[in-house]
Structure formats: C-alpha cells, structure tokens
Number of protein chains: 2
Amino acid sequence: MKLSKKSEYGLRALLELTLAYETSSFVQRQDIASRQNIPVEFLEQVLLTLKRAGLLASRRGMNGGYRLIKPPSHVTLGQVIRILDGPLAPIGCVSRTAYQKCDDCPYAGRPSCPVQQAMGAVRDAIAGILDHYSLTDFAAGARNASS
Amino acid sequence: MKLSKKSEYGLRALLELTLAYETSSFVQRQDIASRQNIPVEFLEQVLLTLKRAGLLASRRGMNGGYRLIKPPSHVTLGQVIRILDGPLAPIGCVSRTAYQKCDDCPYAGRPSCPVQQAMGAVRDAIAGILDHYSLTDFAAGARNASS
DNA sequence: CAAAAATTAAGTTAGTTTGTCAACAAGCGT
DNA sequence: ACGCTTGTTGACAAACTAACTTAATTTTTG
C-alpha cells in the first residue's frame, strides 16, 4: 500500500509544470530537480515516461526543457500514478485497468471471493479519490502556501 | 499501492480460522495451506507473526495447530494488514500509526503540502474501509459461496 | 561549429519478497 | 519411556524491485 518515489517525484515535478502551464514555457530538469529536491538523473527517467505517456512535451537545446501539454484540469493523479506505478488496485483480481485472475486463490473468479469483496471496496475508494483529483486541485494547495 | 502475498495469505488463513472459531478447535498449518493453496513453510511465518501480535494461539503435538483467540467481530482487516505489511498510508507523512516527516519535500511539515492533502484523503479512505471491516464481515462472503 | 540540453541504455546498490531447509522443542498416545 | 506428530526457530537464497548513477549519444540552437 505504498506510493513509490517514482510517483512521488512525478507528482512533485508535475506540480512545478502545472504552475508554469499558463506561461507555456519550458522548464528544465535541473530547475525542477533543485526546486523539488530530486536527483536530476532519476527525475529524467520519470519525465521521460510521462512524456511517452503523452502528458509532456520536451525541447532540446538552449531554452529547452519540459512542458505540460494537457490542461491540468484534465489530468488526474490517478492517471499519473497508473503510468508510473501501475494499477491502483491492491491486488490484480480487482483491477479495472489491469485485471488478472488470481492463480492460487480457492475462490478464484467467483464473485463471492472475500478477498475480492474487501479489496474491491478499497480499490473503488482509492480510484474514487485519485481519479477525481486533478493537477489543478493538486496545485491549489501549493499556491496558497507561497502567499 | 499493492497488497503483499504475506497479507493476502494472512487474510486467507484467518478466513479458515474464523470459520473454525465456534468449534474452538485447532487447525493445522497444512490443513490451512492445502485448503488455501499456500506454501506451508511460508504460511508458518505468517501465522507466527499473527501469533506474536496476539491474534492466534497455537498448540504443539498431535491435534495441535492454530486457533483464533479474539472474537472475529473484533479483529479488522486493517489490524491484520498493519501487522503483516506495515502502515496503510501510501506515504509516511500522512500515517497516523507510523508518522514520519518527509526529508526532501520542499513543503515538508506544512499543512498545505499538496502531496499530504491528496494522500491524506487516500489514507483516510483506505483506513475507513479496512478498520471497519471485521473478520466476521470478511468470512460472510465465503459462507454464502459454499452453500 | 560548439555549447546546451534532452535521450537512451546500461549498470549499480541495497533492500524486499517469496520461499526453502535443517535442526530443535514440546506434547500425545501407547 | 518411546516414538510420532506437530509447532518453533533461525539461517539462507533466489528473484525481483526500487532508487539511483554513469556514460555515451543525439538533437537543437546560437
């Protein structure tokens, strides 16, 4: 039930990129890294996967960097975490985005599986929050903080 | 955001022990293991930690085994998972049972930290479900299934 | 061209998960 | 008392994952 550093860094990086979204300018890795206290090289991998997933654009050369290319109100924390950490569900057999049959459970597949019932509720709760939590909402707290 | 095998096996084992609770008889490791399809030696470790945590009693020798010593309605899935997997919170800085200050986050400690706000909501949702989900509730599904 | 910056691939380190093994301790039936 | 059954302990190990590092490459721009 833990969020990886990858996801945490990803969210914190997207925070910076969300704040810079209106200016539609590019932010460089080391700027994000130093502002958010993240190892640059590791951050790079994170930004790259977010780019491949279609959330970011990048430009090389001087004045290059990364930029958010989707409106922050349309990107949810759920999407981001799924990209970086995989499914939100605590167990494969209750995942909606990456369902996988349990191999060893004696109740496998049956709708009355106790594990599925309990963990299904947890999955729905987690997804219910994170899939309705946009980057705009996420950045809202940060703006207040700096004022 | 994943449940470990340890916790999954633990819950499935407790399912068996809950079903046997009224008879107040001891159930042996290999019975639990074969019924639930769990490697015996690994299950042992799980049962042992649950015993040390005060949920189970054991008896050696013939007709020995493990037995649940708390009423199933008083044991929650949240307790069990915390014993086997640690805190439910996705990140240390929002845990109630094992709080830990973030070391690198620029908003560390401030109540307006965006990560804390989002993950705090997730933690509350998870704990809200699992801390009110008793072994009795858990076993309810299994009983219907066999009928 | 030369400097700046992203891109890619690969490797490293450390820790966790999942599982195995062997030796030992305690209880039970005869 | 003896032997069988069962729990107890601790060490170990393979496989995997997380978190980072290094270094070489490619692209863009001034």
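Per chain, numbering begins at 1; letters A, B, ... match sequence-line order. Values reported hereafter were calculated over all heavy atoms of this structure, with side chains retained and with hydrogens, waters and symmetry mates removed.
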Taking N and O atoms by type only, does the side chain of B:Arg60 place a donor or acceptor under 3.5 Å from a partner on the base of D:dT8?
no
Please report, rounded to the nearest Å, how far the P atom of D:dT17 is from the CG atom of A:Leu3.
17 Å
A:Leu48 CG to C:dA9 C1': how many Å, rounded?
11 Å
Look at B:Gln30 and D:dG7 and indicate whether a side-chain polar atom (N or O) is within less than 4.0 Å of OP1 or OP2.
yes
Of A:Arg59 and A:Gln45, the one whose closest DNA chain D nucleotide lies more 5'
A:Gln45
Does A:Leu48 share a hydrophobic cluster with A:Val75, counting links as ILVMFWY side-chain heavy atoms below 4.5 Å and allowing steps through other members?
yes
I need the OH-C1' distance between B:Tyr66 and C:dA26, as an integer number of Å.
13 Å
OP1 or OP2 of D:dT17 less than 4.0 angstrom from a side-chain nitrogen or oxygen of A:Ser4, does that happen here?
no
Shortest side-chain distance from A:Lys5, nucleotide among C:dT8, C:dT20, D:dC20:
D:dC20
When you compare the side chain of A:Met119 with that of B:Leu3, does any pair of heavy atoms fall below 4.5 Å?
yes
Is the phosphate of C:dG19 approached by B:Tyr9 (side-chain N or O, under 4.0 Å from OP1 or OP2)?
yes
Which whole-number value in Å describes the distance from A:Leu43 CG to C:dA6 P?
10 Å
Between CG of B:Leu56 and C1' of D:dT8 the distance, given in whole Å, is 15 Å
For the side chain of A:Met62, counting heavy atoms from C-beta on, which of C:dA6, D:dT6, C:dA4 is nearest?
C:dA4
Per nearest nucleotide of DNA chain D, the residue lying toward the 5' end, A:Gly61 or A:Glu41, is A:Glu41
Expressed in angstrom and rounded to an integer, what is the separation of B:Phe42 atom CZ from D:dG10 atom P?
17 Å
Out of D:dT6, D:dT9, C:dT8, which has the shortest distance to the side chain of B:Glu44?
D:dT9
Spell out, yes or no, whether A:Ile83 and A:Ile129 are grouped together once hydrophobic residues are joined by side-chain heavy atoms under 4.5 Å, including indirect joins.
yes
Please tell me whether A:Phe42 and A:Leu17 are part of a single hydrophobic cluster in this structure, the criterion being side-chain heavy atoms less than 4.5 Å apart.
yes
For A:Leu47, answer base if it contacts any base atom (sugar-phosphate contacts may also be present), sugar-phosphate if it contacts only those atoms, and nothing otherwise; contact means non-hydrogen atoms under 4.0 Å.
nothing
Within the structure, does a side-chain N or O atom of A:Lys51 lie under 4.0 Å from either OP1 or OP2 of C:dT7?
yes
Rounded to whole Å, please give me the gap between CE in A:Met1 and P in C:dT17.
14 Å
Which atoms form the tightest heavy-atom contact between A:Asp137 and A:His132, and what is the distance?
OD2-O, 3.7 Å
Does A:Arg29 place a side-chain N or O at less than 4.0 Å from the phosphate oxygens OP1/OP2 of C:dA6?
yes
Nearest whole Å is fine: how far is D:dT17 P from A:Asp85 CG?
13 Å
